[in-house]
Amino acid sequence: MRIAISTGGGDAPGLNAVIRAVVLSAHQRGWQCFGIRRGYDGLYRRGGAHTFAYAKPYDGPDRRRGEPRGGLVALGPDQVRGITHLGGTILGTTNRGNPFRWPTLLPDGTVQEIDRSDELVEAFKARRLDALVAIGGDGSLSIAHGLWQKGIPVVGVPKTIDNDVVGTESTFGFDTAVATATEALDKLHTTAESHDRVMVVELMGRYAGWIALHSGLSGSADVILIPEIPFDIEKVCEKIRARELAGRNFSIVVAAEGARPKDGKVELLEEAKKGSVERLGGIASRIAAAITERTGKETRSLVLGHLQRGGSPTTFDRLLALRFGSAAVRAIGEGAFGTVVVFTPPTVSRRPITDIMGKQKVVPLDSGIILTARNLGISFGD
Ligand code: F6P
């Protein structure tokens with residue numbers, strides 16, 4: 001067996017742990033593993049008719065590992081030694097490399113999405129690969145499904161710090177992101193209290209508020225704003241005023257980047273364009289300005305951003321990632337292709353990719369965590 005591994009979409013702490021678990025579990029069975037560089041980029045021939053439309057990262061040799069960046073990398077026990085605790089992915093990744101909608105720069109300067117999936121399938125076969133472990137979020141799993149339909153034996157592994165993949169209790173990377181965000185909230189408390197200020201913190205979570213909810217509750221936020229509960233800015237200010245009356249002259253407001261006012265839209269940094277999705281951002285500074293205007297309180301905002309995607313995975317994420325990696329190899333051993341490994345506590349099980357792709361696991365409004373937060377007096381701005 002020759003198994004290819006790809007990491008696609010935004011990185012998440014735990015990717016390297018999955019890679020290591022796949023490689024070591026496969027090695028035990030006498031199978032060989034190959035990492036595809038940067039999503040599926042590594043399977044494409046260099047040059048040719050397709051010029052990638054957007055700015056790309058450095059494409060020269062990878063000095064750290066002394067290998068060319070493009071292509072396939074043979075992965076054995078030596079290549080995955082000591083990487084379980086490392087953030088990022090040793091294979092590189094991209095969230096702009098959908099083989100079915102490859103953004104190509106045409107000679108007239110326009111950008112067109114070209115379906116390059118057949119080229120990818122041919123390259124997969126030409127390299128005599130027998131199975132693909134596709135590690136990614138919803139977007140990458142949808143791509144994996146498309147490749148499965150084109151005859152590539154695929155097993156998916158769900159990843160995202162946003163925790164918005166359906167069918168799995170958790171994705172790896174989420175717990176680490178929550179820990180990072182909670183630590184940031186702890187640090188903001190002391191400065192907010194010293195200055196009698198309101199601090200508004202923007203956390204990741206485009207369409208689901210899991211990170212904001214879990215870290216906001218754990219980090220004792222006073223207000224938590226999530227995409228699932230459109231907020232009324234006046235209710236947010238009411239909470240801040242009520243705290244003042246009670247002698248608490250500072251407040252911490254946590255907002256998921258996808259939070260939006262009842263009568264408004266999400267804040268965008270960049271509209272969706274060919275081959276890439278919209279980029280959200282800016283809600284914290286909007287909220288901060290509105291709070292100052294309505295309450296007269298000195299307010300500061302910050303965006304925690306990609307810090308949430310970095311760092312060493314927590315023990316929980318490492319364990320989950322290692323379990324997912326070995327479960328993916330067991331799935332290959334049993335010929336269970338077209339599936340995704342999922343965490344269904346206490347076990348890791350499998351679901352068909354079709355059950356998962358194109359859907360989003362948002363925070364249920366009757367969630368116990370929301371209930372707990374409300375019982376503790378935290379406002380959701382509703
Ligand atoms: O999906 C993971 C995620 O971190 C989102 O929370 C965030 O909106 C997005 O990726 C950011 O993507 P990029 O790395 O392209 O800025």
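Indexing begins at 1, ligand by ligand and atom by atom, following the structure's order. Throughout, residue positions are numbered sequentially from 1 according to the sequence presented.
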query = Got a sec, which residues hit side chain to side chain donor-acceptor pair (under 3.5 Å) with D175, two or more places apart in sequence or on another chain?
reply = T314
ask   = Looking at W102, does the NZ or CZ of K274 lie under 6.0 angstrom from its six-membered ring centre and within 45 degrees of the ring axis?
value = no
ask   = Honestly, is R318 close enough over F172, meaning NZ or CZ under 6.0 Å from the six-membered ring centre and within 45° of the axis?
value = no
F250 six-ring centre to R243 NZ/CZ under 6.0 Å and within 45° of normal = yes
key: Closest heavy-atom pair and its distance - L141, G136   = CG-O, 3.6 Å
task = Flag the pair E257 and R206 as a salt bridge only when some basic side-chain nitrogen lies within less than 4.0 angstrom of an acidic carboxylate oxygen.
result = no
query = Near ligand 1, which residues have a heavy atom under 4.0 Å away from one of its atoms?
reply = N95, I161, D162, M204, G205, R206, E257, H306, R309
